[in-house]
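A quick write-up on the structure given underneath.
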Amino acid sequence: MARPKKEADKLTRPVSFRLTEADYAAYLAKVEASGMKPSEFFRDAVLTNRTRVVAREKASQDKARLLYLYNKTSNNVNQLAHRANSDYLAGTISEATYARILGELHTLTHLLKATINHVD
């Protein structure tokens with residue numbers, strides 16, 4: 001007869017992550033080879049330190065500030081795109097104006113994404 005589980009033995013905290021199709025296939029192959037369930041395999045790999053942690057380089061203060069401003073800006077760009085779409089669907093603005101607004105927002109977004117790699 002199995003001993004009753006203590007309160008500390010209960011698995012109550014879920015952990016999840018996303019993988020590409022190729023990474024998922026590799027993960028499943030390792031799980032199947034181990035003979036464990038996916039959650040058992042993951043717990044064993046992490047808790048016994050059979051993983052290698054690669055620390056990412058910390059962003060400079062300038063890049064961190066720029067990322068903060070870009071995140072704020074992207075929210076505003078999204079609001080403008082939503083408003084343009086609503087006005088276009090309501091017939092308030094013409095198709096040409098709508099296309100021009102979306103083109104400008106796309107250009108702005110592209111420029112923001114392109115410049116972030118040139119900081120530091």
Side-chain angles (χ1 to χ4, degrees):
M1 177 184 229
R3 69 178 175 91
K5 287 192 172 195
K6 295 179 183 175
E7 196 66 32
D9 291 344
K10 289 185 180 180
L11 303 175
T12 60
R13 302 299 297 211
V15 176
S16 66
F17 56 97
R18 295 187 183 277
L19 298 171
T20 63
E21 288 295 326
D23 288 345
Y24 184 68
Y27 172 72
L28 283 182
K30 290 180 181 185
V31 169
E32 288 177 17
S34 74
M36 298 180 189
K37 294 180 182 177
S39 58
E40 292 172 324
F41 176 81
F42 184 71
R43 274 193 306 276
D44 184 57
V46 172
L47 297 177
T48 60
N49 286 327
R50 289 189 298 130
T51 57
R52 183 176 53 140
V53 177
V54 179
R56 294 183 184 174
E57 186 177 318
K58 187 176 179 181
S60 70
Q61 191 173 11
D62 290 338
K63 189 167 188 172
R65 178 70 179 155
L66 193 59
L67 286 170
Y68 170 79
L69 293 173
Y70 280 11
N71 286 334
K72 293 292 187 182
T73 301
S74 67
N75 183 42
N76 292 341
V77 168
N78 188 46
Q79 289 174 355
L80 291 169
H82 180 74
R83 176 64 189 264
N85 187 51
S86 296
D87 287 351
Y88 174 67
L89 292 175
T92 309
I93 61 174
S94 69
E95 187 171 344
T97 302
Y98 177 63
R100 192 172 66 245
I101 290 169
L102 291 184
E104 292 294 329
L105 292 175
H106 177 73
T107 300
L108 178 61
T109 301
H110 179 71
L111 291 171
L112 289 171
K113 287 180 182 178
T115 58
I116 196 68
N117 295 325
H118 298 293
V119 178
D120 288 341

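As the structure is a prediction and not an experimental result, all values here were calculated from the model.
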Please name all residues satisfying side-chain hydrogen bond (donor to acceptor under 3.5 Å, both in side chains) with S86, sequence neighbours left out, ordered by chain then number.
-> none
Min side-chain heavy-atom separation Y70-T115 under 4.5 Å | yes
Can you hop from L19 to F41 via hydrophobic side chains spaced under 4.5 Å?
-> yes
The reported gap from OG in S74 to CG in L108 (rounded to nearest 0.5 angstrom) is 10.0 Å
F17 reachable from V46 in the ILVMFWY side-chain graph, under 4.5 Å edges = yes
Any side-chain heavy-atom pair from L11 and R43 closer than 4.5 angstrom?
-> yes
dist N78:CG -> T73:OG1 (nearest 0.5 Å) comes out at 12.5 Å
Please round to the nearest 0.5 Å and tell me the distance separating atom CD of Q79 and atom CZ of R83.
-> 11.0 Å
Is there side-chain contact between I116 and L66, with heavy atoms separated by less than 4.5 Å?
-> yes
Is E40 reaching over with its side chain to a backbone N or O of K37, donor-acceptor style, under 3.5 angstrom?
-> yes
Distance only, no hydrogens: is a donor on one side chain within 3.5 Å (strictly under) of an acceptor on the other, for Y98 and N85?
-> yes
Taking side-chain hydrogen bond (donor to acceptor under 3.5 Å, both in side chains) as the test, write out the residues that go with T97, two or more places apart.
-> S94
Give a yes or no on whether Q61 atom CD has more than 12 heavy-atom contacts from other residues, nucleotides or ligands under 6.0 Å away.
-> no
Can you tell me how far the CG atom of L111 sits from the NE2 atom of H106, to the nearest 0.5 Å?
-> 9.5 Å
Using residues 23-36 as the side-chain source, report each donor-acceptor pair under 3.5 Å to any protein atom, sequence neighbours left out, with the distance given to one decimal.
residue: D23; atom: OD2; partner: T20; partner atom: OG1; Å: 3.3
residue: Y27; atom: OH; partner: P38; partner atom: O; Å: 3.2
residue: S34; atom: OG; partner: V31; partner atom: O; Å: 2.6
residue: S34; atom: OG; partner: M36; partner atom: N; Å: 3.1

Do the side chains of I101 and I93 get nearer than 4.5 Å, heavy atoms only?
-> yes
